[in-house]
2 protein chains.
Amino acid sequence: MVLDTVMKTKTTIKEVAELAGVSFKTVSRVINNEGSVRKETLQKVNDAISELNYQPNNAARNLAGNKSYSLGYVYDNPNAYYVLDMQNGILAECRERGYELVIHPCSANNKHIVDELATMIKRSQLAGLIISPPLSEMPEVLSGLDAMNIPFIRIISASEVSQESSPCVYINDRDAAFDITEHLIEQGHTKIAFLRGDDNHRSSHERKIGYLNALKKHDISINEDYQIDGSYSFEFGVQGAKQLLSLSEPPTGIFSCNDEIAAGALFAVRLQGLNVPDDMAIAGFEDSPFSRQTWPMLTTAAQPTNTIARKAAASLIQHLVHLRSPKTSVDSIPHLHYRPQLVKRESTLSVPSK
Amino acid sequence: MVLDTVMKTKTTIKEVAELAGVSFKTVSRVINNEGSVRKETLQKVNDAISELNYQPNNAARNLAGNKSYSLGYVYDNPNAYYVLDMQNGILAECRERGYELVIHPCSANNKHIVDELATMIKRSQLAGLIISPPLSEMPEVLSGLDAMNIPFIRIISASEVSQESSPCVYINDRDAAFDITEHLIEQGHTKIAFLRGDDNHRSSHERKIGYLNALKKHDISINEDYQIDGSYSFEFGVQGAKQLLSLSEPPTGIFSCNDEIAAGALFAVRLQGLNVPDDMAIAGFEDSPFSRQTWPMLTTAAQPTNTIARKAAASLIQHLVHLRSPKTSVDSIPHLHYRPQLVKRESTLSVPSK
């Protein structure tokens with residue numbers, strides 16, 4: 001077929017075994033990451049693999065053991081930077097471990113989302129899934145996947161050691177949002193508004209709780225007019241800031257649920273001739289390129305999406321290895337925790353004029 | 001195995017054939033898009049497929065006919081919006097035609113790029129590739145893929161009906177850049193600078209030729225100081241604009257090779273307290289979200305990346321169908337042409353003060 005030229009140069013697992021001076025089965029264990037191989041033996045096999053440029057063929061692996069070496073990444077997110085960071089983090093781990101990645105963007109509003117996922121899993125014969133918000137936070141998706149009995153790991157927004165039964169990477173949005181709000185308070189602000197992201201993302205709610213917690217801790221009265229619900233978009237940032245500026249007593253600081261909203265708020269505030277941060281301090285969340293390409297640059301919370309994605313993939317693969325070879329020590333996917341870190345920049349670094 | 005729950009409900013091709021009242025082979029022809037099926041028969045089979053919710057299983061298809069139903073998309077591009085638009089366009093076509101997509105970000109600077117692609121094609125058993133710039137414009141990649149005898153389609157920047165032997169989607173950057181420059185001239189500008197993107201992207205050179213062509217057509221003398229080479233990044237836009245503003249006779253208009261550069265230039269110009277467009281007109285290229293999230297919004301050229309990607313995938317799949325079933329009428333991948341369209345916005349819409 002079309003791949004003749006490539007196929008001719010194919011190294012076999014037998015050649016690897018011969019060069020390494022080990023059995024066929026040992027090479028197979030190494031290739032499939034099954035552990036239980038001595039360090040020196042592992043080294044010999046890996047050296048032979050490098051020398052012969054051996055590449056496990058997934059179709060062959062699948063046929064031989066009726067096992068799949070494909071992971072799926074399922075997402076519905078308008079944030080291009082987030083999605084690419086997630087893809088690249090997962091791919092980095094997949095490449096190292098000899099897995100493939102099937103990407104599956106879809107709509108959280110699709111009423112048949114569970115059927116759609118079932119079809120994809122079946123068609124692509126996936127070994128496991130990585131799911132990001134908001135899909136990862138939808139109960140019907142969770143129960144649907146449980147019924148399909150497919151291993152998966154979810155990235156979710158959660159503040160404490162949670163009661164989740166299925167494997168998760170927890171992003172502690174709540175405490176990071178607390179840090180940002182407290183930073184604004186420390187800069188002298190008491191009139192602080194909050195522009196919230198989409199209702200179907202838990203992060204919107206967690207970040208809002210963090211904001212409210214900081215106000216409470218510092219005995220700042222809560223003003224309902226300063227809390228506007230919207231979506232994770234530049235456009236909402238523009239509209240939300242305009243609404244805040246039209247109040248008889250506008251805030252002096254705006255904490256936006258992500259950097260896109262913050263960039264939009266900045267746009268609207270400057271359009272009215274106001275100075276940032278002197279007339280209005282503005283903070284975002286995520287540390288996306290948006291936060292560094294505004295003038296002034298945005299205070300935000302850095303979320304290491306690429307690392308989170310890679311760790312999630314590593315964790316899932318470790319679990320798949322265990323399913324194939326229960327002798328390995330890990331028997332369930334460990335929970336992972338990340339707390340985004342405050343990054344102070346010019347958009348908040350001054351004392352308000354009033 | 002893990003997919004038991006899903007597998008139990010699997011509809012077979014035989015059930016589809018029975019419901020449609022046709023042979024197994026006819027259903028197979030429909031599923032594999034092999035043409036040569038009468039319209040009424042096609043309708044009957046498709047109705048049966050819908051009613052039974054039949055989903056072709058790619059592994060089964062591959063085994064049955066030793067054929068692959070996976071496409072690969074190979075890219076090296078820092079522009080998140082471009083990459084996601086490409087992915088989503090290709091995926092839309094893949095879903096409709098029952099293909100899978102394997103994404104493969106890689107580095108154009110990798111000296112072993114051809115080996116890397118060969119490994120990927122082999123490992124994932126790809127049927128064909130879609131390649132975007134700059135990889136699609138590198139002679140070594142082209143000759144490497146030719147040697148592997150794998151069908152592929154490239155997105156490239158080219159102004160005329162080109163002499164390319166392999167299938168391409170041509171993006172006419174040159175003429176679109178001409179349009180933007182001419183628009184600046186029509187706004188009264190004669191001192192127009194050009195901030196160029198990466199050297200290894202043909203689009204950088206094509207857009208520069210378009211810029212120079214417009215100046216020539218309007219008898220505007222060419223000033224070398226107004227032409228700065230850089231990269232497709234916000235940071236270069238900032239740095240390039242600063243350099244232009246430090247000239248003893250700065251330009252009154254800046255045409256930036258893409259919207260990110262333009263957003264950076266806008267940032268730098270406004271940082272110096274200048275008004276856009278009155279003191280400095282700025283235009284970008286691509287019509288990415290960058291161009292609509294600046295103040296003022298950017299004049300640019302709209303490039304329908306999602307459509308381009310989808311058409312490229314459709315064209316490649318059509319070719320693969322032909323390879324399997326040479327009776328179909330299409331015997332080679334047709335060339336496709338796109339010319340990005342001028343979008344006029346506030347960042348250029350005024351007459352310069354000098």
Side-chain angles (χ1 to χ4, degrees), chain A residues 1-7 9-10 53 55-59 62-63 66-68 70 79-81 83-85 87-88 91 98 100-105 115 118-119 121-128 147-151 234-235 260 263-264 266-268 270-271 289-290 292-295 323, chain B residues 1-7 9-10 53 55-59 62-63 66-68 70 79-81 83-85 87-88 91 98 100-105 115 118-119 121-128 147-151 234-235 260 263-264 266-268 270-271 289-290 292-295 323:
Chain A
M1 261 262 336
V2 291
L3 299 176
D4 276 350
T5 325
V6 180
M7 293 304 190
T9 63
K10 196 174 131 184
N53 190 27
Q55 292 290 345
N57 174 312
N58 283 333
N62 292 353
L63 285 179
N66 194 22
K67 291 163 189 167
S68 159
S70 294
N79 185 335
Y81 296 112
V83 170
L84 278 200
D85 271 353
Q87 289 182 354
N88 291 338
L91 275 169
E100 273 178 40
L101 177 64
V102 173
I103 54 170
H104 192 82
D115 292 340
T119 299
I121 292 164
K122 185 167 60 168
R123 177 185 276 183
S124 301
Q125 300 201 299
L126 300 182
M148 289 177 221
N149 201 20
I150 181 165
F234 183 89
E235 290 70 23
E260 268 191 88
L266 183 61
F267 181 98
R270 300 197 60 223
L271 207 60
F290 274 109
R292 298 181 293 275
Q293 299 181 346
T294 53
W295 173 43
L323 286 181
Chain B
M1 259 264 335
V2 290
L3 298 177
D4 276 350
T5 326
V6 181
M7 292 304 189
T9 62
K10 196 173 130 184
N53 190 26
Q55 291 290 344
N57 174 313
N58 284 332
N62 293 351
L63 285 179
N66 194 23
K67 290 164 190 168
S68 160
S70 293
N79 185 334
Y81 297 113
V83 171
L84 279 200
D85 271 353
Q87 289 181 355
N88 291 338
L91 276 169
E100 271 178 41
L101 177 64
V102 173
I103 54 169
H104 192 82
D115 292 341
T119 299
I121 292 164
K122 185 168 60 168
R123 178 183 277 183
S124 301
Q125 300 201 299
L126 300 181
M148 289 177 221
N149 201 19
I150 182 165
F234 183 90
E235 290 70 23
E260 268 191 89
L266 183 62
F267 181 97
R270 299 197 58 222
L271 207 61
F290 274 109
R292 297 182 292 275
Q293 299 181 346
T294 54
W295 172 43
L323 287 180

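Below, chains carry the letters A, B, ... as their sequence lines are ordered, and counting in each starts from 1. Every value quoted in this text rests on a predicted model; they were computed, and no experiment measured them.
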Item to check | Contacting region of B/L271 [heavy-atom separation from chain A under 4.5 Å] | outcome: both
Item to check | Segment of B/N88 engaging chain A (4.5 angstrom heavy-atom cut-off) | outcome: side chain
Checklist entry - Can you say whether A/R270 sits under 4.5 Å from chain B via the side chain, the backbone, both, or neither, judging by heavy atoms? => result both
Checklist entry - Which distance, rounded to the nearest 0.5 Å, do you find between the CG of A/L84 and the CD of B/Q87? => result 6.0 Å
Checklist entry - What heavy-atom pair brings B/F290 and A/Q293 nearest, and what distance separates the two atoms? => result CE2-OE1, 2.9 Å
Next on the checklist: Shorter than 4.5 Å, heavy atoms on both sides: which option in B/D85, B/T294, B/L101 has the most such pairs with chain A?
Outcome noted: B/T294
Item to check | Distance in Å, B/L91 CG paired with A/I103 CD1, rounded so as to fall on 0.5 Å steps | outcome: 4.5 Å
Checklist entry - To the nearest 0.5 Å, what is the distance between CG (B/L266) and CH2 (A/W295)? => result 10.0 Å
